[in-house]
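Here the structure comes first, spelled out in structure tokens, and everything after it is commentary.
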There are 2 protein chains.
Amino acid sequence: MKRDNMEKSTMYENVIQPGDNPDLTKERKSASFNLWKMQCFVHEGEDVVRRRKEILDFVQKTREFDDPIPAEFLSREEIVDRGARKAKAMTDNADAIDGSDFFGEGLYFQSLVIGRELHSMSLHYGMFLPTIQGQTDDDQMDEWMGPTVGRAILGTFAQTEMGHGSNLTKLETTATYDPKTEEFVLHTPTLTATKWWPGGLGKSANVAVVMAQLYTNGVNKARGPHPFFVPLRDPETHMPMKGVTLGDIGPKFGINSNDNGFLIFDHYRIPRRNMFMRFSKVLPDGTYVAPPHAKLGFGTMVFVRSIMIKDQATQLGAAAVIGIRYSAVRRQGEINEGAGEVQVIDYRTQQFRLLPQLARAFAFLFAAYEIKTLYMLVTEQIGDGNMDVLPELHAVSSGLKSVVSWETAQGIEQLRLACGGHGYSRASAFPDIYTYAVGGCTYEGENIVMLLQVARQDSGKSRIRSWRESTDEDIIHDFEAVARRMIFASYDRLKNFEKTMTKKEAWNKCSIDLCKTARMHVKLYLVKVFLRRVSTCEDAACKKVMHTLAKLYAFDLISGAAGYFMKGGFMSEKQSENVQSDLYEMLEVLRPESVALADSWDMSDLELRSVLGRRDGNVYPALLEWAKKSQLNRTEVLPTFAKYLGPMMKEGRSNL
Amino acid sequence: MKRDNMEKSTMYENVIQPGDNPDLTKERKSASFNLWKMQCFVHEGEDVVRRRKEILDFVQKTREFDDPIPAEFLSREEIVDRGARKAKAMTDNADAIDGSDFFGEGLYFQSLVIGRELHSMSLHYGMFLPTIQGQTDDDQMDEWMGPTVGRAILGTFAQTEMGHGSNLTKLETTATYDPKTEEFVLHTPTLTATKWWPGGLGKSANVAVVMAQLYTNGVNKARGPHPFFVPLRDPETHMPMKGVTLGDIGPKFGINSNDNGFLIFDHYRIPRRNMFMRFSKVLPDGTYVAPPHAKLGFGTMVFVRSIMIKDQATQLGAAAVIGIRYSAVRRQGEINEGAGEVQVIDYRTQQFRLLPQLARAFAFLFAAYEIKTLYMLVTEQIGDGNMDVLPELHAVSSGLKSVVSWETAQGIEQLRLACGGHGYSRASAFPDIYTYAVGGCTYEGENIVMLLQVARQDSGKSRIRSWRESTDEDIIHDFEAVARRMIFASYDRLKNFEKTMTKKEAWNKCSIDLCKTARMHVKLYLVKVFLRRVSTCEDAACKKVMHTLAKLYAFDLISGAAGYFMKGGFMSEKQSENVQSDLYEMLEVLRPESVALADSWDMSDLELRSVLGRRDGNVYPALLEWAKKSQLNRTEVLPTFAKYLGPMMKEGRSNL
């Protein structure tokens with residue numbers, strides 16, 4: 001398709017259609033930029049946007065992907081059934097996408113087919129396969145790769161235990177080598193050693209990568225956690241192997257389509273060659289061969305984390321799209337008496353709840369692109385046994401993950417509340433976005449050792465002027481200065497404590513400051529990436545709007561951290577007051593661009609799955625149609641009347 | 001029971017028992033205060049705590065209240081059935097509690113019987129009954145009160161509409177008086193006029209209080225919204241009346257045991273006397289008699305709001321109890337190499353995530369007590385037609401509601417995340433606490449007109465010294481000064497805008513500042529109430545600990561609003577730095593009191609419904625037991641294997 005046609009189709013046929021809510025159409029026409037160009041900027045190029053449309057068309061015309069009943073009306077059993085059905089259908093049709101582009105086409109394809117749910121094969125592709133790729137020696141690769149890619153086995157990744165999450169070194173599951181039979185004996189020595197959480201482990205997977213403490217040569221000191229290839233269920237009957245106890249861990253906040261599971265070993269034996277031997281080995285006689293480099297196991301976790309940041313950005317983006325569109329459609333209250341009810345997006349407070357979150361979502365998305373690039377670099381290097389960039393990627397990605405996941409969670413809730421009561425209904429999709437997004441929300445703030453290496457230099461004074469006058473350099477200078485000063489302050493406190501206690505105790509004592517410092521550093525990173533990305537935008541109109549949005553993001557962060565910026569008179573009162581009033585001015589400038597900016601995410605109704613966020617804005621009729629599907633509306637009178645309420649009222653009447 | 005025996009039983013038999021997790025027992029013994037005395041302080045007296053135990057015993061020994069299967073494993077249909085069953089059983093046993101004390105015994109009884117769910121009769125008692133009590137004339141009272149109290153009818157309160165939430169004056173549903181037949185014709189003129197959300201409306205209630213725009217005497221100007229007594233379903237068959245369309249509005253974030261409903265009228269006729277006529281009337285000939293006072297409808301909403309604040313405080317309290325107990329049981333990581341894994345509550349970052357939230361929960365609880373007292377005063381006055389205090393109650397309670405509900409939501413999530421992965425499982429109860437608590441979470445920040453009447457006076461300088469030296473007066477002085485300055489700043493901005501635009505436009509332009517100002521004022525109120533309440537504590541040991549907790553709350557608020565406190569040099573840098581380090585010092589002081597402070601909420605396992613928060617701390621075995629109840633564990637192999645995964649892998653194997 002020729003580009004200008006494509007533009008046309010994107011701009012008009014798709015986004016503005018007859019019968020749309022007129023307020024929404026008015027908003028779309030008020031934008032100052034070309035939507036197609038903005039979509040290409042947001043998604044890193046025309047080809048990506050075109051591919052998104054091709055994949056969307058494919059999913060929409062493929063009947064196996066249909067949902068007879070929308071997921072939100074299903075029971076746990078039904079949603080798990082749907083997950084398995086969709087997972088098979090999706091992988092049956094895997095060649096609809098570029099399988100090498102899991103970060104892009106893979107995640108998008110999955111979001112269209114399955115929605116905000118994981119499924120029984122998520123970890124098979126997300127962690128099991130990468131482990132096969134990264135941790136096997138040549139023979140193991142030959143043996144396991146085929147069945148994994150060919151779906152002859154269904155794998156998961158069993159690392160976390162009931163009593164041990166992130167702290168890998170304390171895992172309790174043991175793998176003890178028996179040279180007589182040349183087998184490893186897997187065992188769960190305590191209740192807390194029970195493997196807990198792995199996706200698909202409960203009922204779906206029949207094989208797992210199991211992390212266990214390695215014991216060999218009768219030495220009763222563990223060699224640390226190592227990965228093993230472990231059959232869990234009989235390939236024919238799917239019954240658990242003898243010595244293996246498995247099950248689902250029960251309902252969760254969200255992602256209930258996935259059978260996260262528990263796993264208990266009772267002296268369960270596997271062949272020696274089932275230990276992944278690319279890096280460390282155990283020889284037939286039990287001799288342990290250590291890996292060339294200690295950190296060689298972490299690749300997979302980092303991979304997942306870098307994917308998660310993009311995923312979180314997309315969820316916050318979806319919430320912003322829904323909040324903005326609904327706020328353009330919803331009318332409530334009068335700003336001027338008798339002038340009729342206004343679009344709620346006309347309220348300054350509403351703009352303040354919507355637009356900074358939209359900006360935040362873009363900031364996260366662009367950061368995700370950066371991390372992906374960094375990750376590609378690392379995996380390339382790991383291939384050559386080079387670990388140099390891994391620590392940085394590990395620190396940046398984990399710091400980012402903690403900030404991104406927490407702010408995404410908060411942002412989604414802000415946006416949900418901005419939609420009033422309807423945001424509480426699952427028709428809005430907010431509950432599902434939230435519970436899905438916070439699934440990966442953990443708290444890591446202490447990966448900042450490397451920050452302490454920043455060079456000491458005088459931070460000078462704040463360079464922030466009005467938002468129009470402040471250059472990118474001014475803004476970055478300010479964030480760098482504040483972040484740097486926080487680093488040294490924490491560092492000095494730390495050194496002080498270390499005079500009177502152990503390093504670890506000192507670390508604990510000022511860990512709150514260290515976390516705040518780490519978070520400020522991550523925010524600096526996010527602002528930098530956002531501004532840098534905008535500077536590469538080729539279209540002037542798009543660039544102008546995005547630049548304002550990036551500044552809104554930066555100024556919003558500054559106003560949120562006013563205390564730190566004004567410290568030591570770095571930023572004057574006048575400056576900080578201007579930051580406030582400038583924020584409101586930017587909201588006014590961005591107001592007419594809001595809906596088009598939301599559209600620039602190019603999220604179809606199928607991807608959004610929200611009645612409030614519908615492209616056409618015809619929210620109210622759709623809301624009623626949706627409600628009519630409720631499980632409770634299948635009969636006019638519920639059994640509860642015959643069982644409890646009817647007899648109760650009958651008795652009540654007879655007592656009158 | 002004699003008091004010292006009572007103490008003994010509370011302290012030992014109930015709270016510390018053989019077989020408990022030793023860490024938890026250690027924590028309980030490390031407290032510096034008498035638990036029984038603290039419980040009496042927290043719950044406003046010995047009688048209340050005793051009654052809590054009597055009610056708990058009654059619920060535990062009443063078999064009709066049992067749950068064969070815990071609620072979290074039920075489908076929507078099953079949870080609704082459970083709700084109706086429990087609602088009937090609960091009201092069958094209503095005389096187990098003091099029915100006049102809905103705020104206290106009523107809510108507690110319900111939380112024990114039903115948990116964090118509403119039910120098909122929540123609005124019958126919460127809003128329908130109060131409307132009958134408050135809005136009927138004598139004849140109506142005689143006619144409707146008996147059936148309502150005697151459960152001969154089941155009522156709800158239908159006010160909000162699909163297109164109109166809080167903005168009462170814009171409700172679209174019409175009630176047009178027809179003098180020929182002396183009837184009102186109820187009608188839903190547009191789709192957005194559809195009644196939406198009322199609890200129990202969808203499937204359970206057979207009568208409702210309906211708010212509708214009153215038209216009479218052919219005048220086509222509405223007299224504003226008025227309440228009507230409207231039969232919805234046939235008493236015998238429970239089928240909807242002709243002209244009435246009803247249904248459930250579908251699944252929600254939480255509270256899915258309740259059939260929130262929609263309601264559409266098609267020229268549905270009710271007798272003239274079905275209009276509530278205590279205040280305004282329509283005479284047989286259609287003559288409208290206006291109410292003596294315009295605001296006379298709001299009593300019920302305020303009642304619900306004041307209940308909600310206590311409820312929110314209790315939910316945040318429950319989350320804090322769970323987070324603190326689990327953090328004392330959970331061991332992860334070493335602070336000193338080789339010293340073994342420590343209780344996570346020993347981490348300063350963890351204390352910082354737990355204790356300020358605990359303090360916040362107490363602040364909200366004490367504020368709820370204040371509002372209740374204020375409410376009692378108001379209802380007494382309304383009885384005499386006196387409306388003086390109503391506006392204040394309205395402003396305070398709505399301002400509080402917005403701050404309390406938002407901070408409760410955030411706090412619960414902070415506490416959930418502080419429990420790591422297990423916090424995401426419904427076994428933790430966090431997901432249910434959260435979705436229940438945010439059910440009432442709305443955003444109202446603009447009720448601050450009355451704040452603008454505060455007297456102007458020089459706010460001077462901050463009086464904050466170290467936390468030990470700062471008196472309550474110092475702290476209150478600071479909050480008052482900062483709140484006052486914010487009020488004047490917003491006021492001046494407002495007046496400035498008003499020179500160039502309408503009052504409403506000006507209001508909109510600085511509404512963000514106005515909201516921030518209102519929130520700061522609410523925080524001032526919370527700090528005041530907390531400190532005042534603590535000053536009334538008679539037991540020295542309890543008072544000491546609670547006082548530190550109150551100061552932790554105040555200092556945490558100050559550090560969160562550092563920008564406002566340092567403005568204009570009101571608070572110096574040094575002071576603000578001390579506030580920070582004092583915060584950490586208070587955490588250290590409160591660390592050994594944490595678990596006992598959690599226990600002081602006197603929340604039984606039945607009330608908490610959390611595996612992580614169990615009194616005995618035996619979390620891990622209980623977690624496994626809980627998981628085994630999962631719907632998915634009823635069979636070893638799910639149907640998904642035969643339907644999708646089995647054939648898929650078989651085909652995969654054949655392709656190898």
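Throughout, a chain's letter reflects where its sequence line sits, starting with A, and its residues are numbered from 1. What you see is a predicted model; the values in this text were computed from it and never measured.
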Please look at Leu645(B) and chain A and tell me whether the side chain, the backbone, both or neither of the residue comes under 4.5 angstrom of a heavy atom of that chain.
-> side chain
Under 4.5 Å from a heavy atom of chain A, the part of Glu573(B) involved | side chain
Select one option (side chain, backbone, both, neither) describing which atoms of Leu74(A) are under 4.5 Å from chain B's heavy atoms.
-> neither
All heavy atoms of Ala152(B) vs all of Arg653(A), minimum pair found to be CB-N, 3.6 Å
Hey, what do you get for OH (Tyr620(A)) to OG1 (Thr194(B)), rounding to the nearest 0.5 Å?
-> 11.0 Å
Angle class for the His422(B)/Trp196(A) ring planes (parallel below 30°, perpendicular above 60°, tilted otherwise)?
-> perpendicular
Quick one: what part of Asn260(B) sits under 4.5 Å from any heavy atom of chain A, side chain, backbone, both or neither?
-> neither
What part of Phe565(A) lies closer than 4.5 angstrom to a heavy atom of chain B: side chain, backbone, both or neither?
-> neither
Checking Leu623(B) against chain A: side chain, backbone, both or neither under 4.5 Å from a heavy atom?
-> both
Portion of Ser425(B) that has a non-hydrogen atom of chain A nearer than 4.5 angstrom | both
For each of Gly652(A), Pro251(A), Ser581(A), Gly563(A), tally heavy-atom pairs with chain B at distances under 4.5 Å, and name the one with the top tally.
-> Pro251(A)
Per-residue contact mode, Gln410(B) against chain A (heavy atom under 4.5 angstrom) = both
Heavy-atom distance under 4.5 Å to chain B: side chain of Lys643(A), backbone, both or neither?
-> side chain
Contact class of Pro235(A) relative to chain B, heavy atoms under 4.5 angstrom = both
Answer with side chain, backbone, both or neither: which region of Thr635(A) has an atom nearer than 4.5 Å to a non-hydrogen atom of chain B?
-> backbone
Which answer fits Asn206(A), side chain, backbone, both or neither, if we ask what part of it has an atom under 4.5 Å from a heavy atom of chain B?
-> side chain
Under 4.5 Å heavy-atom distance to chain A, tell me which part of Ser204(B) shows up: side chain, backbone, both or neither.
-> both
Which portion of Leu583(A) sits near chain B, non-hydrogen atoms under 4.5 angstrom = neither
For the residue pair Trp197(A) and Tyr424(B), categorise the inter-ring angle as parallel (less than 30°), tilted (30 to 60°) or perpendicular (more than 60°).
-> tilted
Quick one: sort the His238(B) and Phe641(A) rings into parallel, tilted or perpendicular, breaks at 30° and 60°.
-> parallel
Is it the side chain or the backbone of Ser428(B) that comes within 4.5 Å of chain A heavy atoms, both, or neither?
-> neither
Salt bridge (Lys or Arg N to Asp or Glu O under 4.0 Å) between Glu588(A) and Lys509(B), intermediate numbers included = CA-CA 10 Å; Glu588(A) 201 151 0; Lys509(B) 260 192 172 311; 3.1 Å; yes
Quick one: what part of Asn655(B) sits under 4.5 Å from any heavy atom of chain A, side chain, backbone, both or neither?
-> neither
Supply the atom-to-atom distance Thr349(A) OG1 to Trp507(B) CH2, rounded to the nearest 0.5 angstrom.
-> 11.0 Å
Select one option (side chain, backbone, both, neither) describing which atoms of Asp81(A) are under 4.5 Å from chain B's heavy atoms.
-> both
Honestly, the part of Leu191(A) sitting under 4.5 Å from a heavy atom of chain B is side chain
Below 4.5 Å from any heavy atom of chain A, which atoms of Arg331(B) appear? Answer side chain, backbone, both or neither.
-> backbone
Max heavy-atom pair count under 4.5 Å with chain B, selected residue of Lys629(A), Lys88(A), Lys203(A), Met121(A) | Lys203(A)
Counting only heavy atoms closer than 4.5 Å, note whether Ile512(A) contacts chain B via side chain, backbone, both or neither.
-> both
Between atom CZ of Arg76(A) and atom OG of Ser630(B), what is the distance when rounded to the nearest 0.5 Å?
-> 5.0 Å
